[in-house]
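No experiment lies behind these values; they were computed from the predicted model shown. Both ligands and their constituent atoms are indexed starting at 1 by order of listing.
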Amino acid sequence: MSLDRPSVSGLAIQTQHLSAVLDDALILRDLSVQIPRASWTSIVGPNGAGKSTLLKALAGLMASDGTIQLLGQAVDEISRREKARCLSWLGQSQSAAEDMRVWDVVMLGRLPHQAWLAAPSAEDYAAVEQALRDTQAWQWRERSLAQLSGGERQRVLLARALAVQAEVLLMDEPLANLDPPHQADWMALVRQLVAQGKTVISVLHEISFALQADYLMIMQHGRLVHQGRCKDIESHQALCEVFEHRIAIHPVAGQWVALPN
Ligand code: ADP
Ligand code: MG
């Protein structure tokens, strides 16, 4: 592993020997990952590699073996509510009630901050408005989810994840259905979050976008096959290998870009 071995307090998430089983099949195999704080990590790998399962395990949405530390603390020692405040999750084809108003969907992100049955606070309103504006979804706030296109809906779900104002954000294929300008906006948003000290972990199939991150984690068959900096040649080699040399990575206009071979 070619990380610069950040101190434990410099890690947003650390796992040791993480494994997970679904329907008697071992889906995550002995994953020991280190995700530095205040940075952007991309997770890539072929379909079925276990990327979504890893994010769900990290978010505590499924049972797993091994240990997970979140912001330097064992997750088992953090209350559900506290965890929901410091970790936000944007799922792949995440379900949401179609007849719900966009505003209310995003307000769901504030639940971990609200007292039981209490009315939303001024802070909650401000966080929802900010999230809707940051994702350019403000104009749809009175519409229901059913009245939105796939990409518009994706932006609303992103707004919900942002409204949590969590320290760590897990996003599973956040660019799905987004047009190129909104993909670029998403990346600008991630950079802004990282500049504010937040940690973003995203599963991406858009390899050229994934390569803009700080760190790359490559998964295959439920295992972590590589973890390193996106700009390192070793990361590029591992990437080409896992995709069976069907892609090649080239420098274009000061960035690394993956093109079909
Ligand atoms: P990725 O996100 O990398 O495409 P997933 O984490 O969704 O992959 O899935 C990893 C593997 O787990 C796949 O082989 C998938 O078929 C399997 N899998 C996913 N969900 C279930 C389930 N509920 N029961 C059994 N196997 C599952
Ligand atoms: Mg997936």
Query raised in the report: Does the protein put a heavy atom less than 4.0 Å from atom 12 (O) of ligand 1?
Result: yes
Requested in this report: Provide the closest heavy-atom pair for Glu77 versus Gln73 in the form atom of the first, atom of the second, distance.
Outcome: O-NE2, 3.8 Å
**Report entry** Per-atom contacts of ligand 1 with Ala49, taking only distances under 4.0 Å to non-hydrogen atoms
**Finding:** 1 (P), 3 (O), 8 (O)
Query raised in the report: Got an N/O contact under 3.5 Å between Ile27 and ligand 1?
Result: no
Query raised in the report: Just by distance, do the side chain of Thr41 and the backbone of Leu216 share a donor-acceptor pair under 3.5 Å?
Result: no
**Report entry** Ring-face cation contact, Trp138 with Arg133, 6.0 Å cut, 45° max
**Finding:** yes
Query raised in the report: Closest approach of Val21 and Met62, non-hydrogen atoms and distance?
Result: O-CE, 4.5 Å
Query - Nitrogen or oxygen of Gln92 less than 3.5 angstrom from that of ligand 1 - result: no
Query raised in the report: Nearest protein heavy atom to atom 6 (O) of ligand 1, by residue and atom, and its distance?
Result: Thr53 OG1, 2.5 Å
Query raised in the report: With a 4.0 Å cut-off on heavy atoms, does Gly45 reach ligand 1?
Result: no
**Report entry** Heavy-atom nearest neighbour in the protein, as seen from atom 24 (N) of ligand 1, with distance rounded to 0.1 Å
**Finding:** Asp23 OD2, 3.2 Å
Query raised in the report: Ignoring hydrogens and geometry, is there a side-chain-to-backbone donor-acceptor pair from Asp172 to Val203 under 3.5 Å?
Result: no
Query raised in the report: Any chance the rings of His250 and Trp256 have centres within less than 6.0 Å?
Result: no
Query raised in the report: Of the protein's non-hydrogen atoms, which lies at the shortest distance from atom 7 (O) of ligand 1, and what is that distance?
Result: Ser52 CB, 3.7 Å
Requested in this report: Give the residue and atom name of whichever protein heavy atom lies nearest to atom 18 (N) of ligand 1, and the separation in Å to one decimal.
Outcome: Leu22 CD1, 3.9 Å
Query raised in the report: Is the backbone of Leu169 close enough, under 3.5 Å, to the side chain of Ser88 for a donor and an acceptor to pair up by distance?
Result: no
Query - Protein contact to atom 14 (O) of ligand 1 [nearest heavy atom, distance to 0.1 Å] - result: Gly48 O, 3.7 Å
Query raised in the report: Considering only heavy atoms of Asn47, which atoms of ligand 1 have at least one such atom less than 4.0 Å away?
Result: 4 (O)
Requested in this report: For the atoms OG of Ser52 and OE1 of Gln92, give the angle they form at the Mg ion (ligand 2), rounded to 10 degrees.
Outcome: 70°
Query - Closest approach of Leu18 to Ser64 (non-hydrogen atoms, all atoms of both residues) - result: CD1-OG, 3.5 Å
